[in-house]
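None of the values given here were measured: they were computed from a predicted structure.
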Amino acid sequence: MPKIKYTLEKKEKDTKARLGKLKTNYGTFDTPMFMPVGTKATVKGVSPEELKEAHSGIVLANTYHLWLRPGEDLIAKAGGLHKFMNYDGPILTDSGGFQVFSLAKNKDKDIVEEGVHFKSHLDGSSLFLTPELSIEIQNKLDSDIAMSFDECPPYPVSYDYMKESVDRTLRWAKRGKEVHNNPNQALFGIVQGGEFQDLREYSCKETVKMDFDGYSIGGTSVGESKPVMYKMIEDGVRYLPEDKVRYLMGVGDPIDIIEGVIRGIDIFDCVLPTRIARHGQAFTRQGKITLKNAKFKEDFTPLEEGCDCYACKHYTKAYIRHLILADEMFGGRLLSIHNIRFLTRLTEDLRQAIKEDKLLEYRENFLKEYQGEKEKISR
RNA sequence: GCGGCGUUGGUGAAGUGGUUAACACGCUGGUUUGUGGCACCAGUAUGCAUGAGUUCGAUCCUCAUACGCCGCC
């Protein structure tokens with residue numbers, strides 16, 4: 001019984017886009033797919049039922065956060081992550097590698113060959129995370145897909161450092177793969193290499209040699225420009241096998257998702273839909289809107305005409321604006337539900353466009369509407 | 001009617017005889033990409049109740065007026 005099975009169904013005519021299916025023990029979903037982020041075993045403010053209603057095919061949870069609280073042993077005792085959080089769909093766990101990068105601001109991290117020393121964001125205590133420990137934790141969490149523990153270097157970084165880092169990530173991937181022992185869980189490798197084409201190629205080829213169940217592109221959206229990021233994706237994907245699923249980590253906004261799909265990405269995750277929701281913003285076909293803006297004060301229409309999400313079916317902009325201004329948590333919930341649905345619908349549309357070999361046309365129309373009169377992104 | 005105190009932006013307020021009137025909230029924009037952080041950034045009183053005076057210069061000193069609160073007849 002394979003842990004997951006990716007089936008490539010079609011390749012788009014003019015681009016590298018792919019249409020596929022990913023089968024897991026907890027269900028099958030179509031790709032390209034957007035994956036909401038549920039860091040602490042919950043997509044902030046959104047119930048599992050609401051996730052399904054928003055057509056979310058898979059969610060991401062985080063090894064680092066669950067390791068600190070409530071601890072992987074407790075979750076194992078509860079019967080694993082699915083049972084613990086009452087979510088019976090596919091779950092992917094991030095390895096904690098990104099947290100080492102994002103917590104780097106506190107300058108308390110120390111990356112050594114063995115692993116990474118850093119300080120807990122909860123109580124400041126000293127922590128030591130290694131590739132083996134990350135995989136062991138993920139084994140216990142019992143997610144459907146585990147991620148290798150990688151180093152996510154900041155941007156920019158010197159070529160020499162990046163080379164060193166890529167080699168270390170490769171060694172860490174190997175060490176993690178050796179201790180991985182959950183028969184129900186797939187393990188993905190991560191391609192790094194920053195903006196250096198030859199390092200991306202090297203990282204990609206070496207990672208593929210280890211034969212993971214799927215591959216992801218890491219080290220993007222860490223401060224680089226859009227053109228650089230798109231190049232990173234192209235370089236990262238170029239030598240990946242066609243019969244394995246590809247996941248672009250941490251991306252992104254609607255435009256980035258389209259650009260990623262065009263370059264051959266199958267799965268995306270991003271905190272944007274839920275974070276901007278809590279800050280009072282919504283994705284719409286006409287671009288991102290800020291509900292706090294005074295112009296929505298008496299706007300009694302839904303966030304987006306024709307949207308089939310729970311928020312749009314029952315509530316108006318004026319009401320949601322009121323909730324956000326009054327600091328009522330229901331406002332953030334409604335916006336989260338809408339934003340997740342917006343991105344899952346975007347991937348549905350992209351799948352349809354791939355089916356019809358009209359992806360480039362779809363992108364053009366989308367950009368025209370989404371960016372309006374604003375200048376097109378520099379590329 | 002007499003006496004005392006007070007009157008600073010949308011709100012609560014700080015403050016000084018001398019370049020840009022503190023801070024907070026609110027308001028108006030913006031940011032957010034493998035989520036520590038419903039967070040962060042920026043803008044928001046050409047004017048300090050009104051009028052006159054003292055002064056090189058007044059929101060700050062003096063006088064008058066208006067309004068408010070408190071006390072007395």
Inset, instruction - Measure up the A/Tyr87 and A/His82 rings against each other and bin them: parallel (under 30°), tilted (30 to 60°), perpendicular (over 60°). - result: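 Plane angle under 30°, so parallel.
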Inset, instruction - Could you tell me how the ring of A/Tyr319 sits relative to the ring of A/Phe330: parallel (under 30°), tilted (30 to 60°) or perpendicular (over 60°)? - result: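 Perpendicular: the ring planes of A/Tyr319 and A/Phe330 meet at over 60°.
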Whole-Å [atom1] distance, [N] and [M]:
N     : M     : atom1 : value
B/U62 : B/U7  : P     : 13 Å
B/A49 : B/C67 : C1'   : 8 Å
B/G43 : B/C25 : P     : 15 Å
B/U44 : B/A66 : C1'   : 30 Å
B/U46 : B/G37 : P     : 40 Å
B/A52 : B/G47 : P     : 16 Å
B/G4  : B/G9  : P     : 26 Å
B/U16 : B/U54 : P     : 26 Å

Taking the minimum atom-to-atom distance to the side chain of [X], which one of [options] wins?
X        : options             : value
A/Lys226 : B/G34, B/U33, B/G36 : B/U33
A/Lys40  : B/U33, B/U35, B/G37 : B/G37
A/Val271 : B/G30, B/U35, B/G36 : B/U35
A/Ser102 : B/G34, B/G36, B/U35 : B/G36

How is [X] classified with respect to the nucleic acid when contacts are heavy atoms under 4.0 Å: base, sugar-phosphate, or nothing?
X        : value
A/Asp269 : sugar-phosphate
A/Ile276 : base
A/Gly45  : nothing
A/Asp150 : base

Base-pairing mate for [N] - Watson-Crick or G-U, with both contacts under 3.5 Å:
N     : result
B/G53 : B/C61
B/G68 : B/C5
B/A45 : none
B/A39 : B/U31
B/A13 : none

Legend entry - Comparing A/Ile190 and A/Thr290 on RNA chain B - which has the more 5′ nearest nucleotide: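 Nearer the 5' end of the strand: A/Thr290.
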Inset, instruction - By nearest nucleotide on RNA chain B, pick out whichever of A/Met229 and A/His121 is the more 5' one. - result: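 The answer here is A/Met229.
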Separation of atom [atom1] in [X] from atom [atom2] in [N], rounded to whole Å:
X        : N     : atom1 : atom2 : value
A/Ile340 : B/U33 : CD1   : P     : 17 Å
A/Phe149 : B/G34 : CZ    : P     : 17 Å
A/Phe34  : B/U35 : CZ    : P     : 11 Å
A/Leu92  : B/G34 : CG    : C1'   : 9 Å
A/Arg69  : B/U35 : CZ    : P     : 15 Å
A/Lys288 : B/G29 : NZ    : C1'   : 12 Å
A/Asn339 : B/U33 : CG    : P     : 15 Å
A/Tyr230 : B/U33 : OH    : P     : 14 Å

Inset, instruction - Determine whether any donor atom in the side chain of A/Thr274 lies under 3.5 Å from an acceptor atom in the base of B/U35, or the reverse, and answer yes or no. - result: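 Pair found.
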Legend entry - Heavy-atom donor-acceptor pair, A/Arg275 side-chain to B/U31 base, under 3.5 Å: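 No, no donor-acceptor pair under 3.5 Å.
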Inset, instruction - Please check the phosphate of B/U35 (OP1 and OP2 only) for any side-chain N or O of A/Gln99 closer than 4.0 Å. - result: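 Yes, A/Gln99 has a side-chain N/O under 4.0 Å of OP1/OP2 on B/U35.
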Legend entry - B/U33 OP1/OP2 closer than 4.0 Å to side-chain N/O of A/Ser221: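 A/Ser221 to B/U33 OP1/OP2: no side-chain N or O under 4.0 Å.
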Inset, instruction - Keeping the roles fixed (side chain from A/Asn339, backbone from A/Pro273), state whether a donor-acceptor pair exists under 3.5 Å. - result: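 Looks like yes, one N/O pair under 3.5 Å.
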Legend entry - A/Asp266 side chain to A/Arg246 backbone, donor-acceptor under 3.5 Å: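 Side chain of A/Asp266 to backbone of A/Arg246: a pair is present.
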Inset, instruction - Give a yes or no on whether a salt bridge exists between A/Lys3 and A/Asp144, defined as a side-chain N under 4.0 angstrom from a carboxylate O. - result: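 Judged by the 4.0 Å cut-off on N to carboxylate O distance, A/Lys3 and A/Asp144 do not form a salt bridge.
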Legend entry - Contact residues, residues 320-338 of chain A to RNA chain B [heavy atom, < 4.0 Å]: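 Under 4.0 Å from RNA chain B: A/Arg321, A/Asp327.
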Donor-acceptor side-chain pairing of [X] and [Y] below 3.5 angstrom:
X        : Y        : answer
A/Asp123 : A/Ser120 : yes
A/Gln138 : A/Thr93  : yes
A/Ser165 : A/Arg168 : no

Inset, instruction - Mark yes when over 12 heavy atoms from residues, nucleotides or ligands other than A/Lys177 sit less than 6.0 Å from its NZ; otherwise mark no. - result: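 Correct, the count exceeds 12.
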Inset, instruction - Can you establish whether the number of heavy atoms outside A/Met210 located under 6.0 Å from its atom CE is more than 12? - result: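 Result for CE/A/Met210: enclosed.
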Legend entry - A/His279 over B/A39, stacked by centroid distance under 5.5 Å, angle under 30°: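 Yes; by the centre-distance and plane-angle rule, A/His279 counts as stacking on B/A39.
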